[in-house]
Engineer: 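Supplied in structure tokens, the structure appears directly below.
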Amino acid sequence: MKIDIKNYKHISFDLWLTLIKSNSEFKTKRNKLFKDFFEIEADEKTVADKIRYYDLACNNINEKTGLNIDTFEIYSLILNSLNHNYENISFEKLNDYYIESELLLLNYKPVLMYSDLKKYLKTIQSEGKTMNLLSNTAFIKGYTLRKIISFYELDDFFSFQIYSDECGFSKPNYKIFELVYNEVNKIELMSKSAILHVGDNKNADYNGAKNYGFDALLINN
């Protein structure tokens, strides 16, 4: 990744498919865990297809509404679509599954998109620029993603991290970009045009940032 940053004071980064991507083994193991944990009778392919469908559908809804569908709501939609008796599944049960899925994720961690990412972020920081993370979430909550960022020793590069499940807004909602702007101005007062948002999603990242008044860079992975 090479970005011309000389005209900017602050760089906002998307996370998934911008800085990290899923471990190739994780989703298959996650799908099996979901089936086994909730004792679903359907075969693994059916379960995997349902999980994939609601992952994409809920992401699309979040982008259209600018709000955030909770992880446990997504679980319930999947269970319902599999004709599972989800009405009797407690919050505690859903939370227990999340804990198990988080442990699985930490065993099969997302990988960095670029081998020299840490070096590149250090270069940006050395030029006096500040940075943040701004990510929509679905199955993986913000507090878990913070653990991944910490594992790769990247957290010190980012002045703050904003996740849709924690604030209730999803990109491209202007309110989530407003949160970024407010946090940036706690560090240093600057115009919107001094902030560059970098991401892989044309609607959520590029259009969202541009419509708010930031500059934007769309990367194609």
Side-chain angles (χ1 to χ4, degrees), residues 14-111 113 133-149 151 161-173 176 199-205 208 221:
D14 172 49
L15 185 56
W16 290 107
L17 296 182
T18 299
L19 301 184
I20 65 173
K21 61 182 178 180
S22 293
N23 184 303
S24 60
E25 297 184 63
F26 171 70
K27 288 185 178 178
T28 299
K29 294 182 181 296
R30 186 271 315 273
N31 296 342
K32 185 178 187 306
L33 175 64
F34 192 90
K35 170 179 166 59
D36 293 344
F37 187 90
F38 292 109
E39 300 178 325
I40 296 169
E41 294 181 1
D43 60 73
E44 287 187 24
K45 183 181 184 307
T46 300
V47 173
D49 288 346
K50 292 294 186 182
I51 290 175
R52 177 64 175 164
Y53 174 82
Y54 282 99
D55 184 14
L56 295 174
C58 290
N59 180 68
N60 187 41
I61 292 169
N62 285 342
E63 287 186 19
K64 286 183 177 180
T65 65
L67 303 176
N68 184 81
I69 300 175
D70 183 75
T71 302
F72 293 178
E73 291 177 320
I74 302 175
Y75 292 167
S76 296
L77 288 169
I78 297 167
L79 291 168
N80 181 53
S81 73
L82 291 164
N83 297 316
H84 197 73
N85 188 20
Y86 77 97
E87 296 94 339
N88 296 326
I89 296 178
S90 65
F91 173 87
E92 289 72 22
K93 180 78 170 178
L94 295 172
N95 191 59
D96 287 344
Y97 169 75
Y98 186 83
I99 292 170
E100 290 295 318
S101 67
E102 182 187 62
L103 289 173
L104 183 67
L105 179 79
L106 295 177
N107 282 328
Y108 296 90
K109 294 178 182 68
V111 296
M113 292 290 295
L133 289 176
L134 178 63
S135 179
N136 289 355
T137 62
F139 290 108
I140 304 172
K141 294 176 178 287
Y143 70 77
T144 301
L145 292 172
R146 292 173 191 276
K147 295 178 183 180
I148 300 301
I149 297 303
F151 170 79
Q161 301 176 43
I162 294 177
Y163 297 101
S164 62
D165 67 295
E166 296 177 349
C167 67
F169 303 119
S170 294
K171 296 175 292 184
N173 191 331
I176 201 167
D200 70 298
N201 185 307
K202 184 175 181 180
N203 180 43
D205 293 305
N221 292 308

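Position 1 is the first residue of the sequence; numbering continues from there. Both backbone and side-chain heavy atoms feed into the values below; hydrogens, waters and symmetry mates do not. All values derive from a computational prediction rather than experimental measurement.
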Engineer: Does the side chain of Ile176 reach to within under 4.5 Å of the side chain of Tyr163, using non-hydrogen atoms?
Structural biologist: no

Engineer: Is atom CD of Glu41 surrounded by more than 12 heavy atoms (other residues, nucleotides or ligands) closer than 6.0 Å?
Structural biologist: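 For Glu41, atom CD is not crowded (no more than 12 foreign heavy atoms under 6.0 Å).
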
Engineer: To the nearest 0.5 Å, tell me how far Phe169 CZ sits from Asn68 CG.
Structural biologist: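 Between Phe169 CZ and Asn68 CG, I get 10.5 Å after rounding to 0.5 Å.
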
Engineer: May I ask you to test the Ile89-His84 pair for a side-chain heavy-atom distance under 4.5 Å?
Structural biologist: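 They are in side-chain contact.
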
Engineer: Taking OH in Tyr143 as the centre, count heavy atoms belonging to other residues, nucleotides or ligands within less than 6.0 Å. Is the count above 12?
Structural biologist: yes

Engineer: Looking at CG of Leu145 and CD of Glu102, how far apart are the two atoms once the value is rounded to the nearest 0.5 Å?
Structural biologist: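 It is 9.5 Å, given to the nearest 0.5 Å.
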
Engineer: As an exercise, state the distance from OH of Tyr54 to OG of Ser76, rounded to the nearest 0.5 Å.
Structural biologist: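 Tyr54 atom OH to Ser76 atom OG measures 11.0 Å (nearest 0.5 Å).
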
Engineer: Under 4.5 Å between any side-chain heavy atoms of Trp16 and Ser22, yes or no?
Structural biologist: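 Yes, their side chains come closer than 4.5 Å.
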
Engineer: Checking side-chain hydrogen bond (donor to acceptor under 3.5 Å, both in side chains) against Glu166, which of Gln161, Arg146, Lys141 comes through?
Structural biologist: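 For Glu166, the side-chain hydrogen bond (donor to acceptor under 3.5 Å, both in side chains) test succeeds with only one of Gln161, Arg146, Lys141, which is Arg146.
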
Engineer: Measuring from atom OG of Ser170 to atom CG of Asn59, what distance do you get when rounded to the nearest 0.5 angstrom?
Structural biologist: 8.0 Å

Engineer: Can you measure from OG1 (Thr137) to CG (Asn62) and round to the nearest 0.5 angstrom?
Structural biologist: 7.5 Å

Engineer: Does any part of the side chain of Lys147, heavy atoms only, come nearer than 4.5 Å to the side chain of Leu105, both counted from C-beta?
Structural biologist: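 They are not in side-chain contact.
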
Engineer: I need the minimum non-hydrogen distance between Phe34 and Ile78, along with the two atoms involved.
Structural biologist: CE2-CG2, 3.7 Å

Engineer: Show the nearest heavy-atom pair for residues Cys58 and Ile74, with the distance to one decimal.
Structural biologist: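 Heavy-atom minimum between the residues: SG-CG1, 3.8 Å.
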
Engineer: For residues 43-56, which residue pairs pass the salt bridge (charged side-chain N to carboxylate O under 4.0 Å, His left out) check, not counting sequence neighbours?
Structural biologist: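 Sorted pair list: Lys45-Asp49.
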
Engineer: I would like to know whether Lys109 and Ile148 meet side chain to side chain contact (heavy atoms under 4.5 Å, CB included); could you show each step before the answer?
Structural biologist: CA-CA 7 Å; Lys109 294 178 182 68; Ile148 300 301; 4.2 Å; yes

Engineer: What pairs of residues pass the ring-ring contact (aromatic ring centres under 6.0 Å, His included) test when at least one of them lies in residues 64-83, not counting sequence neighbours?
Structural biologist: Phe72-Tyr75, Phe72-Phe91, Tyr75-Tyr97

Engineer: Taking atom CG of Asn95 and atom OG1 of Thr71, what is their separation to the nearest 0.5 Å?
Structural biologist: 10.5 Å

Engineer: Can you confirm whether Phe139 sits close enough to Lys27 that some side-chain heavy atom of one is under 4.5 Å from a side-chain heavy atom of the other?
Structural biologist: no

Engineer: Given 3.5 Å as the limit, does a donor-acceptor pair link the side chain of Lys21 with the main chain of Met113, or not?
Structural biologist: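 It does not hold such a pair.
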
Engineer: Return yes if some donor-acceptor pair links the side-chain N/O of Asp165 with the main-chain N/O of Gly142 below 3.5 Å, else return no.
Structural biologist: yes

Engineer: Considering only heavy atoms from C-beta outward, does the side chain of Leu133 approach that of Leu19 to under 4.5 Å?
Structural biologist: yes

Engineer: Between Ser81 and Tyr53, do the side chains contain a donor N or O and an acceptor N or O under 3.5 Å apart?
Structural biologist: no

Engineer: So Leu82 and Phe38, do their side chains get closer than 4.5 Å, heavy atoms only?
Structural biologist: no

Engineer: Is the shortest heavy-atom distance from the side chain of Asn201 to the side chain of Asp14 under 4.5 Å?
Structural biologist: no

Engineer: Just by modelled atom types, is the Ala48 backbone N or O under 3.5 Å from a matching donor or acceptor in the Asn31 side chain?
Structural biologist: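 Pair absent, no side-chain N/O of Asn31 close to backbone of Ala48.
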
Engineer: Using the side-chain hydrogen bond (donor to acceptor under 3.5 Å, both in side chains) rule, pick out the option among Asn203, Asp205, Asn136 that qualifies with Lys171.
Structural biologist: Asp205

